Every structure is written in structure tokens, then in C-alpha cells.
Trainee: 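If you scroll down you'll find the structure; I have some questions about it.
Letters go in sequence order (proteins before strands), and every chain restarts at 1. Not measured: the values here are computed from a predicted model.
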Number of protein chains: 2
Amino acid sequence: MAQSDTVDRILDAAEELFAERGFSETSLRMITSKAKVNLAAVNYHFGSKNALIHAVFARFLTPFSATLEQAFDELEESCGDQPPTLNQTLWALTESAVRMPQRNEKGISIFMRLLGLAYTQSQGHLRKFLEQEYGDPFSRFMRLLKAATPQLSAVDRYWRIQFMLGATAFTMSSSDALRDILQNKTGVETSVQEIALRLVPFLAAGMQAEDAMLVPPKGSRVSVA
Amino acid sequence: MAQSDTVDRILDAAEELFAERGFSETSLRMITSKAKVNLAAVNYHFGSKNALIHAVFARFLTPFSATLEQAFDELEESCGDQPPTLNQTLWALTESAVRMPQRNEKGISIFMRLLGLAYTQSQGHLRKFLEQEYGDPFSRFMRLLKAATPQLSAVDRYWRIQFMLGATAFTMSSSDALRDILQNKTGVETSVQEIALRLVPFLAAGMQAEDAMLVPPKGSRVSVA
DNA sequence: ATTGGCTTCAAACGTATGTTTAAAACAGAC
DNA sequence: GTCTGTTTTAAACATACGTTTGAAGCCAAT
């Protein structure tokens, strides 16, 4: 909580406000007044509002991507030459997120919401920044997913990965769910864990759904291409 | 395409720009210049920017919710006293969306993206408007889902429905996917159908995933609460 | 031809935004 | 204590926004 440093106070306030209201809807004046610093401080320390947004993401994402790469290293090593399973891959990602050291109680859920917003609000500069800075672990995750689902055609896998990302990003960015999570007085860490405990099986089952179900029910007006 | 009426030209332009850039990021000046109408026309015909947003949604959602209610009526009638299955319920929704008469080639995918944005960008007024105006068919869909998944606990069902909504809304609101869809020269209608053909089985499988998978793999640091 | 009700138009209004400025305050080194 | 570079501050800047205004244009009914 109590950092007296201006930069950190700005980052804390910005992180929270961005998560609550989105990027465009959060003004520098809201941020600086919440952080109790002068308006010009943002431009002095970060250069611009966009650079501040990048800094908010970098503060969490840089240590996280390091943790994730290490988790993938351990997983691949423990598997020998055969590729990790879908379940193992998903859990490696989940555990890396949960194990991240939290700045405060709301830590993870706030950042999950930010990640969801980053995906959804098509802010060109953010997308470019994230791809450039953290594209590597993401590509690696994709490669692991591919190796873990050899039974899927490329196009099936592409769409199902989209669905997975969607369920995850959306759940994390749902403000109602976030409110529920924050309301939960048993501590957020276990709440995020509980969501993950429910989400991962859902995703794994969806990824491994049988093609047979692709056919709509009898009498359907949706024709199979 | 070619409507000469000012109101429709504004709605068409707004619909497209909102889908491309989001609500806050689209200014009235962008809309009116794309629609080739005077800036003041929006406030004259709709009253405010928020009211324009509502009108964009109402133009699609009002006929859609009628179609959907009818589809649910038919489904429940054809099922007698036993409740419709999960697959039937999901397909009834999907087909209602696909069968909607399109204003132009991009029709459905644009509106799917708007629905995704509505859920994601936490615009208070929009959420309130949608709940108030179209809450009934949504509640009915929820009731059908509950009856179709009696094996799930209430909290499990709650979260899995969140995941379903997420996968759907996100996929539909993903601008990259949208671009792919629009690139597909075989016509958007079949593309949306193809996505639905892949999405519905994914969702159904996820909804019916077994609880046994709830336990993380051996050696996991995520403890079961 | 003139009226009266919509609709369009160019212009302006007030406000909020991100950013810049230049002076003041501060801190540590000498 | 004085100097030097960094940080903070209040004020202003330029721009973009949603909205309002009042005159002009239009078109059918009188």
C-alpha cells in the first residue's frame, strides 16, 4: 500500500482506475487526484498517458512472463521428449498467475481485468506494445497448445483457442464478477483460485469436444457447410 | 445500402464505427461525416449520443428478441413437459441470430461485435438500457439453461454460464476475427454459421465437463479449497 | 403566393481532455 | 551557506468533444 514515491502512487492509482473504468474513460486528472500528485507529474515521469498505460502493464507483466517461462521450462523438462498435456499446460499458466507476488489484496483480479480490457478495447498502441514486449511467452503457450491437441485440425484449433481466450479474458474483465470477487471477504487469492479451478476444466473440456457434436440437431435450419 | 433518409444513414454509420472503434472512441463528428449529414442531426433526431447508441441496439435487438421468443416458444412446445436439452437451447439461440434478416453483407458480425462491446465496455447507461428493454428473453434463456443442466450446482452453473458468455461475446467482439470474417469472400452468413458450428459444441462440452477434472494435476501448487 | 411545421445548416458554446511551461521547492555535494 | 540537478507546482495552452442556437431551406396544405 503505502508507497511515498510519486511514480508508484501514480501507477497504483492508474491501475485501479483503468481496471474500474477503462483507459479512454479514465482521465489523467482522475489519476493524479486519486494519487494525490500534481497533474503534470504523469507527463514528467512517464511522458504521456499512453506510456503510463504501458508502464502499468509492464510492472505486472515483466515479472509474470519471467515466472511463466520458468514454469514452461520446468514442465517441458519434466515431460522428457513427449509434449506436456493440455491440462498440464493450462495449469502451468494458471499457477504462474496465482503464484505471482501481490502488491495488495486486489492485486490479481485487478490485473486480470486489465488484461481483459487490453484484449477487448482495441487500443492500437497497447496491442502493439504487448505483442512486441511479451509476444514470446505467448507464442510459446500457443506452441504448447498445438502440441497438446494433435487431434484437432488447424482451423478447429484456431477457433477453439479463440474461445478459450474469450472465456478467460471476458470472465476476468467482467466488472460484476470482479465485484463479487472483491466482496468475497475470504481473500482474493483463494477466489481467483476458485475461478481457475472452475475455468480450466471448462476450457479443457471445450478444447477436447468431439467433432461429432458439430452437427446441429435434427430439423435445424443451420446447414453444414 | 442506399438509404437516403438521414436517420438511417446516421444509424448505419454509427453502427459500423462503434463496432470498429468502440463507443467512447467514436465521436459524433466521425459519425456525421461518414453519414454525410450535419453534425447537429444526431442531437436533433436522437437527442444525445447515448440515445443514439441505444437506437443502434434497438434497431437490431427488438426484432431479434421477438424472433428468439418465438424460437423458444416452438422449442418448449415441441418438447412437451420435459425441458429442452442444452444442445437444443443453444441451437435455438444460434439459429435465431443467423436467421435474422441482414441489412447488408456485414450485418450479423457487426452486431455480434457490438454485443460483445456492450458487455465489455462498462457503459452504465447501455447496460441499464439493455437490461430494462431486453431482460426478459435473457432471463428466459437463463431459465432454460438451468433446466438443461440439472446436474450442476448453482455456483458451478453460474460460473460456467459466465464462461459461455465470455467465449461468445469475446469471439464476436474480437476485431481480428471480425477482419477474418469480413475477408472471407464466400459471404458472411456462412462464416457466422461456421463459427457457430464450432462454438456451440465447445460451449456444450464445457458446460457438461465433469467435476472430476476440478482437481489440479499432481504436484500442483493450487490447493483445492 | 403564403403560411406553418419539419428538417438542415454553419456557427458558436461550454467543458474536459492531454500536454507544456516556467517558476518555485527541494535535496544532496561541495 | 551556496550551488546544481531533480522534482513539484499552479497556470496556461491548444484541441476535441457533446450540445445548443437561430437562421435558412424545404415542401405540402391552404
Side-chain angles (χ1 to χ4, degrees), chain A residues 2-59 114 117-118 121-129, chain B residues 2-59 114 117-118 121-129:
Chain A
Q3 288 119 325
S4 53
D5 190 23
T6 301
V7 169
D8 287 326
R9 288 232 304 282
I10 292 175
L11 285 173
D12 288 342
E15 185 176 275
E16 210 160 325
L17 285 171
F18 285 152
E20 274 173 21
R21 325 179 21 103
F23 304 110
S24 312
E25 293 81 359
T26 302
S27 71
L28 291 185
R29 283 166 176 83
M30 294 180 200
I31 295 171
T32 53
S33 88
K34 178 177 181 117
K36 295 200 196 342
V37 301
N38 188 272
L39 167 62
V42 169
N43 287 279
Y44 175 76
H45 286 286
F46 297 93
S48 70
K49 182 182 179 181
N50 280 354
L52 169 61
I53 296 177
H54 298 175
V56 167
F57 276 87
R59 184 168 64 152
L114 284 182
L117 287 182
Q121 311 211 174
S122 50
Q123 302 249 22
H125 68 95
L126 222 193
R127 213 179 184 93
K128 216 165 292 178
F129 169 77
Chain B
Q3 289 120 324
S4 52
D5 189 25
T6 301
V7 169
D8 287 326
R9 287 233 304 282
I10 292 175
L11 285 174
D12 288 342
E15 186 176 277
E16 207 159 326
L17 284 172
F18 285 152
E20 273 174 22
R21 326 178 18 103
F23 305 110
S24 311
E25 292 80 1
T26 301
S27 71
L28 291 186
R29 285 167 175 83
M30 293 180 200
I31 295 172
T32 52
S33 88
K34 177 177 182 117
K36 293 200 199 340
V37 301
N38 188 273
L39 168 62
V42 169
N43 287 280
Y44 175 76
H45 286 286
F46 296 93
S48 70
K49 182 182 178 181
N50 280 354
L52 169 61
I53 296 177
H54 298 174
V56 167
F57 276 86
R59 182 167 64 151
L114 284 182
L117 286 183
Q121 312 213 172
S122 52
Q123 302 251 18
H125 68 96
L126 222 195
R127 213 177 185 95
K128 218 165 290 180
F129 169 79

Trainee: Would you mind reading off the distance between B:Phe46 atom CZ and D:dT20 atom C1', rounded to a whole angstrom?
Mentor: 18 Å

Trainee: Mind calculating the distance between CE (B:Met30) and P (D:dC17) to the nearest angstrom?
Mentor: 5 Å

Trainee: Below 4.0 angstrom from OP1 or OP2 of C:dA16, is there any side-chain N or O of A:Ser27?
Mentor: no

Trainee: Would you compute the distance between atom NZ of B:Lys34 and atom CD1 of B:Ile10 and round it to the nearest 0.5 angstrom?
Mentor: 14.0 Å

Trainee: Does B:Asn43 have a side-chain nitrogen or oxygen under 4.0 Å from the phosphate oxygens OP1 or OP2 of D:dT19?
Mentor: yes

Trainee: Which whole-number value in Å describes the distance from B:Ile53 CD1 to D:dG18 C1'?
Mentor: 12 Å

Trainee: What nucleic acid atoms does A:Thr32 come within less than 4.0 Å of, heavy atoms only: base, sugar-phosphate, or nothing?
Mentor: nothing

Trainee: To the nearest 0.5 Å, what is the distance between CG (B:Asn43) and CG (B:Leu28)?
Mentor: 6.0 Å

Trainee: Just wondering, do A:Asn50 and A:Phe23 contact through their side chains at under 4.5 Å, heavy atoms?
Mentor: no

Trainee: Distance check needed: D:dA16 P versus B:Ile31 CD1, whole Å only.
Mentor: 17 Å

Trainee: Could you grab the distance from atom CD of B:Glu16 to atom CG of B:Leu114, nearest 0.5 Å is fine?
Mentor: 10.5 Å

Trainee: Could you state the CG-C1' distance from B:Asn50 to D:dG18, rounded to the nearest angstrom?
Mentor: 10 Å

Trainee: Please name the residue in the list A:Leu11, A:Thr26, A:Leu39 that meets the side chain to side chain contact (heavy atoms under 4.5 Å, CB included) test with A:Ile31.
Mentor: A:Thr26

Trainee: Rounded to whole Å, please give me the gap between NZ in B:Lys36 and P in C:dT7.
Mentor: 22 Å

Trainee: Starting at atom CD of A:Glu25, determine the distance to atom P of C:dA16, rounded to an integer number of angstrom.
Mentor: 16 Å

Trainee: Report which part of the nucleic acid A:Ser24 touches: base, sugar-phosphate, or nothing (heavy-atom distance under 4.0 Å, all strands).
Mentor: nothing

Trainee: Any idea which of C:dT19, D:dT19, D:dC17 is nearest the A:Lys49 side chain?
Mentor: C:dT19

Trainee: Rounded off to whole Å, could you give me the CG-to-C1' distance for the B:Leu52 and D:dC17 pair?
Mentor: 15 Å

Trainee: Rounded to the nearest 0.5 Å, how far does NE2 of A:His54 lie from NZ of A:Lys49?
Mentor: 12.0 Å

Trainee: Ignoring the backbone of B:Ala40, work out which of D:dT19, D:dT20, D:dA11 is nearest its side chain.
Mentor: D:dT20

Trainee: Keeping the roles fixed (side chain from B:Arg9, backbone from B:Lys36), state whether a donor-acceptor pair exists under 3.5 Å.
Mentor: yes

Trainee: What nitrogen or oxygen pairs link the protein and nucleotides 4-8 of chain D at under 3.5 Å?
Mentor:
from, atom 1, to, atom 2, distance (Å)
D:dT7, OP2, A:Tyr44, OH, 2.9
D:dT8, OP1, A:Thr6, OG1, 2.5
D:dT8, OP2, A:His45, NE2, 2.7

